[in-house]
Amino acid sequence: MVSLIPAGFRALPLSAVQLSLAAVLKCGQSFRWTSYPLPSSPDAESSPTHEYRLCLRDRVVCLRQSPDYLFYRSVFPGEHLSAEQERVSNEETLIWLKDYFQLDVDLVELYNQWSDRDQVFNKLKSRFSGIRMLRQDPWENLISFICSSNNNIPRITKMVHALCKQYSPSLISLPPPELSESDCQVPATYHSFPPPSLLAAPGVKSTLRGLGFGYRADYIQRTAKMLVDTHGCSISNTGSRENCEEWLTGLRDMSTEAAREELLKFVGVGRKVADCVLLMSLDKREVIPVDTHVHQIALKHYGLRTVGGSKGKGAMTPRIYDEVAAKLADIWGEYAGWAHSVLFTADLKAFSSFGIQPSTPARDMGASASASTSSSKRKHDETRNKAEMQRKAVLMSAAVAAIAAVATVVVAVHDDPSLLKDEYSDSDLSSIEEDGSSPRPEKRRKRSSD
């Protein structure tokens with residue numbers, strides 16, 4: 001197996017059913033990972049298909065994955081490291097990886113528990129395996145989800161990268177992976193996430209608005225200022241983070257309710273954003289962030305009936321939020337927030353084909369049957385389209401006839417006003433039947449004098 005380790009990488013034995021980078025890093029938990037496709041390999045089933053990169057404060061972490069291993073390396077700015085420095089840095093990166101991906105949790109065991117309790121989950125588990133909850137930096141997580149308000153994953157990603165590029169100096173510039181199939185071979189610059197002190201200045205609002213943040217610019221600046229003013233921005237004893245960042249991380253030691261109460265004090269943080277931060281960076285594994293998307297999942301799959309008969313498309317009231325969260329938590333148990341992330345990912349349009357093996361040219365009758373089915377479908381579609389065009393033509397002819405009839409009546413009335421005593425009641429286009437027939441002439445309405 002050693003010969004299959006990519007050059008410069010180290011290998012951590014880890015099955016893809018315990019961690020799927022392709023799902024976890026793209027399903028809306030974190031927004032700063034960049035992905036590079038790798039060239040196909042003769043041993044495609046066991047070779048990595050992508051390289052994923054994330055800039056931390058002092059290094060860029062690069063990851064690749066095979067079915068049985070997670071490959072990792074760190075790239076530092078400046079001169080090459082000595083052998084001892086490289087050994088220490090690799091140990092640090094490994095510790096960070098185990099913490100960030102929470103590898104102490106047996107995901108396969110959790111999937112089995114959820115499958116026993118939930119038939120909906122049981123049908124999805126094999127296709128969406130390896131989706132676990134990240135343990136992110138709380139400060140970055142908080143700002144990222146303030147950006148998520150009325151937003152989508154690609155745009156949030158763009159905003160977060162723009163924020164880092166604007167307020168953090170470039171740590172390092174790296175070319176795409178060797179022989180990458182990426183369209184862009186220009187080296188990419190990597191920026192760490194800026195600390196609160198850099199986002200607390202008043203001018204941040206206008207700058208972020210200019211970058212397309214809209215009303216979220218105000219939320220970000222004011223939240224950063226609240227943190228700095230209340231908890232300070234001097235560097236903590238650890239030497240790498242500001243005191244206010246340390247305080248935010250300390251919410252992990254509070255109860256869920258107490259930590260949520262603190263988060264809700266920040267500008268732009270409502271219940272859903274607070275719950276995302278609680279789940280994704282503050283170790284509150286039972287918390288289920290609820291929005292209209294999750295509400296629809298509960299209605300569709302779990303028979304939830306909320307107040308007012310809502311179909312999940314109306315305003316999210318506190319009562320509906322609590323009902324949905326309680327219902328799903330009761331089904332999934334202690335790690336309900338983790339199970340929620342799997343169902344949430346499975347319901348995203350971007351993952352509609354995830355876990356489905358692409359069809360390949362077959363040499364048996366199955367291929368012929370597939371081709372025949374495809375041909376039949378095309379013929380069926382053509383026939384249906386032709387029939388639809390004919391139906392529309394009939395409707396149009398009937399409409400023209402009806403208009404002509406109306407015109408005739410109008411002319412007749414003009415010549416003989418007495419005809420108004422008995423007029424057609426429905427001589428307009430709305431009365432044309434689905435089959436294209438016009439209103440029956442014998443259908444009349446009562447005279448106004450009756």
Side-chain angles (χ1 to χ4, degrees), residues 17-20 22-31 101-102 105-136 138 141-142 144-145 148-149 151-153 156 256-257 259-260 263 270-304 306 310 312 316 318-352 354-355:
V17 297
Q18 288 285 357
L19 171 64
S20 169
V24 172
L25 302 184
K26 295 183 177 182
C27 68
Q29 292 189 48
S30 178
F31 305 96
F101 290 109
Q102 306 197 68
V105 178
D106 185 346
L107 192 63
V108 173
E109 176 60 27
L110 283 182
Y111 269 54
N112 290 336
Q113 292 178 18
W114 295 329
S115 297
D116 291 340
R117 303 176 65 156
D118 179 10
Q119 288 304 307
V120 175
F121 189 94
N122 187 50
K123 295 177 182 178
L124 296 172
K125 70 173 184 178
S126 59
R127 183 178 159 199
F128 292 94
S129 61
I131 300 179
R132 60 172 58 240
M133 191 57 57
L134 302 176
R135 190 175 192 246
Q136 302 179 59
N141 193 215
L142 173 62
S144 296
F145 277 90
S148 74
S149 174
N151 220 338
N152 56 54
I153 293 175
I156 301 167
T256 298
E257 290 302 322
R260 180 185 287 123
L263 292 173
R271 174 69 182 275
K272 187 221 170 181
V273 170
D275 282 357
C276 285
V277 178
L278 289 171
L279 173 64
M280 300 177 189
S281 63
L282 296 180
D283 300 339
K284 312 309 180 188
R285 296 165 173 172
E286 79 285 0
V287 171
I288 300 176
V290 178
D291 56 12
T292 54
H293 186 69
V294 175
H295 186 195
Q296 290 169 9
I297 291 175
L299 293 171
K300 177 181 178 181
H301 295 295
Y302 299 100
L304 181 70
T306 53
S310 171
M316 178 60 61
R319 184 169 180 178
I320 291 177
Y321 193 111
D322 289 338
E323 287 181 357
V324 174
K327 174 73 173 180
L328 298 180
D330 184 61
I331 295 172
W332 295 324
E334 180 183 359
Y335 281 76
W338 288 45
H340 142 273
S341 70
V342 180
L343 270 291
F344 181 88
T345 302
D347 212 49
L348 291 174
K349 290 183 180 179
F351 284 79
S352 60
F354 187 84

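- In terms of heavy atoms, S281 sits closest to Q136 at CB-O, 3.1 Å.
- Between M316 and V324 the shortest side-chain heavy-atom distance does not fall below 4.5 Å.
- Scanning all heavy atoms of the two residues, the minimum distance from V277 to L142 falls at CG2-CA, 3.8 Å.
- A 4.5 Å side-chain heavy-atom check between L282 and L263 finds at least one atom pair inside the cut-off.
- Under the 4.5 Å side-chain criterion, counting only non-hydrogen atoms from C-beta, N122 is in contact with Q119.
- In this structure, the side chain of R117 engages the main chain of I331 through a donor-acceptor pair within 3.5 Å.
- Looking at every heavy atom in both residues, F354 comes nearest to A23 through CZ-CB, 3.7 Å.
- A salt bridge links D322 with R271: the closest approach of a Lys/Arg side-chain nitrogen to an acidic carboxylate oxygen falls below 4.0 angstrom.
- Across S30 and L134, no two heavy atoms sit closer than the pair CB-CD1, 3.8 Å.
- A heavy-atom distance below 4.5 Å is not found between the side chains of K125 and W114.
- The closest donor-acceptor contact from the side chain of R260 to the backbone of A274 lies at 3.5 Å or more, if one exists at all.
- Taking CG from L107 and CD from Q102, the interatomic distance works out to 10.5 Å, rounded to the nearest 0.5 Å.
- Between the side chains of E286 and T256, at least one donor-acceptor pair of N or O atoms lies under 3.5 Å.
- Here the OG1-CD distance, from T345 to Q29, works out to 7.0 Å after rounding to the nearest 0.5 Å.
- Taking the six-membered ring where tryptophan is involved, the planes of F128 and F351 are tilted, since the angle between them lies from 30° to 60°.
- A side chain to side chain contact (heavy atoms under 4.5 Å, CB included) with Y321 is found for exactly one of V290, D291, I288, V294, namely V290.
- The aromatic rings of W338 and Y335 lie perpendicular to each other, with more than 60° between the two planes, well past the 30° mark.
- Nearest heavy-atom pair across I297 and Y302 is O-CD1, 3.9 Å.
- To the nearest 0.5 Å, atom CG of residue L124 and atom OG of residue S129 are 11.5 Å apart.
- Closest heavy-atom contact between A336 and A329: CB-CA, 3.9 Å.
- Inter-residue side-chain proximity for K272 and D275 is flagged as unmet; no heavy-atom pair is nearer than 4.5 Å.
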- Task: Check the pair I153 / L348 against side-chain contact (heavy atoms from CB on, under 4.5 Å), numbers first and verdict last.
- Result: CA-CA 10 Å; I153 293 175; L348 291 174; 4.2 Å; yes
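- With respect to K327 and E323, no salt bridge is recorded, no charged nitrogen being found less than 4.0 Å from a carboxylate O.
- Distance check, rounded to the nearest 0.5 Å: NE2 of H301 to CD of Q296 gives 10.5 Å.
- M133 places none of its side-chain heavy atoms less than 4.5 Å from the side chain of R285.
- With rounding to the nearest 0.5 angstrom, the CG atom of L25 is 11.0 Å from the CD1 atom of I131.
- Annotation: the span from N141 atom CG to F31 atom CZ amounts to 8.5 Å, rounded to 0.5 Å.
- Using a 3.5 Å distance cut-off with no hydrogens or angles, the side chains of Q18 and D106 do pair a donor with an acceptor.
- Not a single donor-acceptor pair under 3.5 Å links the side chain of H295 to the backbone N or O of T292.
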